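Let me begin by presenting the structure, written as structure tokens, before commenting on it.
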Number of protein chains: 2
Amino acid sequence: MSSVKEVAKRAGVSSATVSRVLNNDPAVKPETRNKVLHIIRELNYKPNLMAKNLRKQSSKTIVMVLPTMANPFFAGIARGAQAAISESGYNVIIGTTEFDKLQLGTYINLLNTNLADGLILVSSNMSKEALLKLSKQHPVVLCNEYYDDLDIQSVSIDNRQAAYDAARELLARGYRNIGFVTGTRESSSLLGRMSGYRQALQEAGMAFNEHLVVKAKSNYEQVVEAVNSIAEKEKSLEGLIANSDMLASYILKGIKEGDIRLPGRPGLISFDGTFLSEVMNPALTTVAQPMYDLGYASVGLLLQKLRNRPETADKRHFLPHRLIVRET
Amino acid sequence: MSSVKEVAKRAGVSSATVSRVLNNDPAVKPETRNKVLHIIRELNYKPNLMAKNLRKQSSKTIVMVLPTMANPFFAGIARGAQAAISESGYNVIIGTTEFDKLQLGTYINLLNTNLADGLILVSSNMSKEALLKLSKQHPVVLCNEYYDDLDIQSVSIDNRQAAYDAARELLARGYRNIGFVTGTRESSSLLGRMSGYRQALQEAGMAFNEHLVVKAKSNYEQVVEAVNSIAEKEKSLEGLIANSDMLASYILKGIKEGDIRLPGRPGLISFDGTFLSEVMNPALTTVAQPMYDLGYASVGLLLQKLRNRPETADKRHFLPHRLIVRET
DNA sequence: CTGAAAGCGCTTACAG
DNA sequence: CTGAAAGCGCTTACAG
């Protein structure tokens with residue numbers, strides 16, 4: 001492996017000059033530049049970026065932590081992030097917590113040990129306090145979550161409005177008792193959705209019923225059990241909102257297999273709008289989220305911060321959602 | 001940010017000693033060690049790993065490049081890789097080529113610029129020559145692909161046998177004309193599958209029919225068109241093998257929507273065994289691949305190489321597949 | 001058992 | 001326009 005020093009010797013200049021050429025310093029005389037460039041090509045020299053980064057005190061790397069790749073929604077966000085990072089001169093390490101089996105701490109350590117410059121937290125379930133502390137130590141951007149009273153950039157859909165829209169759709173179809181099936185993790189986006197859902201019910205003159213909301217792990221058995229538990233208490237369950245397409249796909253399967261017992265076919269609306277919602281049979285009515293854009297925008301915001309560009313006054317960035325009515 | 005130097009000064013020792021403590025050098029006197037450890041905690045000192053890596057001439061980072069996260073099969077492999085890397089002291093950068101829109105070259109550059117130590121190529125469509133060249137320059141492991149005559153470690157299922165099994169299953173059900181729908185990219189695993197598929201047909205006394213095999217991009221319209229094009233030429237198309245669950249899900253949708261016109265409901269077997277195959281209606285009969293293990297083993301092999309552990313004589317590592325018969 | 005010194009491969013303020 | 005020198009924060013062979 002050749003180094004700046006070697007290039008310099010061969011070109012008859014100093015390392016400093018080679019470095020300047022490498023970094024397009026306009027002060028370098030054209031002839032000198034060409035001479036150096038020629039040697040660089042000849043030796044097929046590639047700079048050692050570890051050295052450069054150490055010297056410049058920046059790893060040029062960011063970390064995006066998301067719950068799991070097993071859900072196509074998060075995979076979509078990761079795709080957007082990848083796209084945004086390419087050509088930026090940065091690299092992105094995408095990590096998953098797999099619902100806390102792997103520790104978030106591992107990724108935060110990348111920041112502490114100078115291996116990464118900034119962090120994007122996707123649907124993390126960190127406490128507000130922990131988030132506040134973290135954001136004071138490192139550049140952080142939130143994706144799919146936000147806290148009004150926290151001074152951290154965030155990008156997400158308007159979850160309250162989205163859930164409101166979903167519930168209204170079901171209500172408009174004449175369904176009265178509408179359940180809400182969600183994963184096991186608490187999150188600010190879930191809070192927002194719950195509030196929109198409750199508001200819609202309330203406006204329709206219905207008392208909120210606590211046992212209409214049920215948590216389930218994202219696997220078939222648990223989802224079946226969860227829905228059945230609502231149905232038991234609420235004999236005339238007519239509609240269901242699922243917190244993700246994946247959850248909804250298990251519900252559909254449960255109904256088809258007869259494991260979920262409901263009086264009729266329930267109105268079902270899920271969140272996300274992944275390809276799953278298209279290919280399911282029946283096709284899912286879904287609140288589509290701009291996954292790609294969510295990931296893309298998160299990276300944009302973080303890069304802006306790392307480059308010390310001025311930030312918008314409003315830290316919250318809402319991307320539009322879209323209710324796609326299909327067969328459920 | 002504190003440094004080794006600062007810790008050293010405060011502890012009244014040299015940087016060398018601090019470094020030794022950090023690296024658990026047993027030569028350090030216990031009292032000295034404790035003194036240093038105490039200061040480290042007091043200052044909440046975290047080593048700068050960029051500096052350490054530069055000095056040790058290793059980035060402690062590997063790269064895994066896969067086609068896309070949009071396919072849950074690859075997402076599953078990524079999960080396995082994540083799991084294998086955790087606690088290894090390495091980091092993994094997972095990149096996607098998105099079918100060559102983003103360049104593979106970007107990731108290879110990470111190796112050239114010392115930002116990564118090794119590479120895992122998942123279903124790449126690199127030429128044998130390019131692969132050979134690359135593997136001479138950097139530690140490389142192949143996943144979902146292999147070449148008999150290339151001296152590169154690889155891990156995959158036995159694709160020939162798997163496709164053979166699938167075709168035999170369809171044949172056993174009495175289906176004669178069996179089509180094969182695949183994505184647009186060439187790959188060694190596809191080649192293996194084609195060979196198993198042909199062999200099964202041949203053994204059943206059927207001439208191989210070129211227009212039974214059709215390529216389609218992984219989206220609904222293209223898949224519909226592809227299947228229809230087979231059906232047109234082969235009036236009595238009875239069975240279909242799909243190169244992925246995703247492809248199969250579009251086929252199912254096409255049949256349901258009536259966009260795909262077939263005389264009867266075809267026997268359909270797909271590859272992968274992602275959760276998609278479970279939740280589809282009808283549920284997919286599929287050749288399940290051990291996605292997680294594929295990713296996990298790939299990382300294991302690469303790490304072994306990077307640590308200069310002896311390699312197995314046989315470079316090819318086959319993981320078992322499993323035919324899961326469901327409703328299609 | 002420990003320290004002084006060199007060096008990993010870059011960049012940059014300073015001087016000329 | 002260019003070079004000598006220092007330094008980013010570590011580790012390690014060498015000497016004692």
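All values reported here derive from a predicted model rather than from experimental measurement.
Between the side chain of Ser124(B) and the main chain of Leu121(B), no donor-acceptor pair closer than 3.5 Å is present.
Each of dT2(D), dG3(D), dC8(C) was ranked by its minimum atom distance to the side chain of Val28(A); first place goes to dT2(D). Distances were taken from every side-chain heavy atom of Leu54(A) (C-beta onward) to each of dG9(C), dT12(D), dC14(C); the shortest belongs to dG9(C). When distances run from any side-chain atom of Pro30(A) to the nucleotides dC10(D), dG3(D), dC1(D), the shortest one goes to dC1(D). Listed candidates were dT12(C), dG3(D), dC10(D). Nearest to the side chain of Lys56(A) is dT12(C). The side chain of Ser14(A) lies closest to dG3(D) when the candidates are dG9(D), dG3(D), dT11(D). For Asn48(A), whose side chain is taken as the heavy atoms from C-beta onward, the closest listed nucleotide among dC10(C), dT12(C), dC10(D) is dC10(C). Among the nucleotides dA6(D), dG3(D), dA4(C), the one closest to the side chain of Ala16(A) is dG3(D). Nearest nucleotide to the Ala27(B) side chain, out of dT2(C), dC10(D), dC1(D): dT2(C). Closest to the side chain of Lys29(B), from the set dC1(D), dT2(C), dC10(D), is dT2(C). Among the nucleotides dT12(C), dT2(D), dC1(C), the one closest to any side-chain atom of Thr32(A) is dT2(D).
A straight line from NZ of Lys35(B) to C1' of dT2(C) spans 11 Å, rounded to a whole angstrom. What separates CD of Glu6(A) from P of dC10(C) is a distance of 10 Å, to the nearest Å. Regarding Lys5(A), its NZ atom lies at a distance of 15 Å from the C1' atom of dG3(D), rounded to whole Å. One can place CD of Glu31(A) at 10 Å from P of dC1(D), the figure rounded to the nearest angstrom. Across the protein-nucleic acid pair, Leu49(B) atom CG and dC8(D) atom P stand 18 Å apart, rounded to whole Å. As rounded to whole Å, 13 Å separates atom P of dT12(C) from atom CG of Asn24(A). For the pair Leu115(A) CG and dC10(D) C1', the interatomic distance rounds to 13 Å; values are reported in whole Å. One can place NZ of Lys9(A) at 20 Å from P of dT2(D), the figure rounded to the nearest angstrom.
Between Glu31(A) and Lys35(A), no side-chain nitrogen of the basic residue sits less than 4.0 Å from a carboxylate oxygen of the acidic one, so the salt-bridge criterion is not met. A salt bridge between Glu311(A) and Lys315(A) is present, with a side-chain N of the basic residue lying under 4.0 Å from a carboxylate O of the acidic one. Salt-bridge annotation for Arg316(B) and Asp148(B): present, with a side-chain N of the basic residue lying under 4.0 Å from a carboxylate O of the acidic one.
Applying the 4.0 Å criterion to OP1 and OP2 of dT11(C), one finds that Gln57(A) has every side-chain N and O outside that range. A sub-4.0 Å separation between OP1 or OP2 of dT11(D) and a side-chain N or O of Ser19(B) is present. A close approach under 4.0 Å does occur between a side-chain nitrogen or oxygen of Asn23(A) and OP1 or OP2 of dT11(C). Proximity of Thr17(B) to the phosphate of dT2(C): no side-chain N or O atom is located under 4.0 Å from OP1 or OP2. The phosphate of dC10(D) has OP1 or OP2 within less than 4.0 Å of a side-chain N or O from Tyr45(B).
Comparing the C1' positions of dT12(D) and dG16(D) gives a spacing of 16 Å, expressed to the nearest Å.
You'll find the side chain of Ser187(A) stays beyond 4.5 Å of the side chain of Leu191(A), heavy atoms only.
Checking Pro26(B) against Pro47(A), the closest nucleotide of DNA chain C that is more toward the 5' end is the one next to Pro26(B). Each of Lys52(B) and Arg33(A) was matched to the nucleotide of DNA chain D holding its nearest heavy atom; the match closer to the 5' end belongs to Arg33(A).
Of the residues Ile39(A), Ile40(A), Asn34(A), the one that meets the side-chain contact (heavy atoms from CB on, under 4.5 Å) test with Val36(A) is Ile40(A).
Counting distance only, with no hydrogens placed and no angle test, the side-chain atoms of Arg20(B) and the base atoms of dG3(C) include a donor-acceptor pair under 3.5 Å.
The two residues Leu111(A) and Asp117(A) have their closest heavy-atom pair at CD2-C, 3.7 Å.
Pair assignment for dA13(C) gives none, since no Watson-Crick or G-U wobble pairing has each distance under 3.5 Å.
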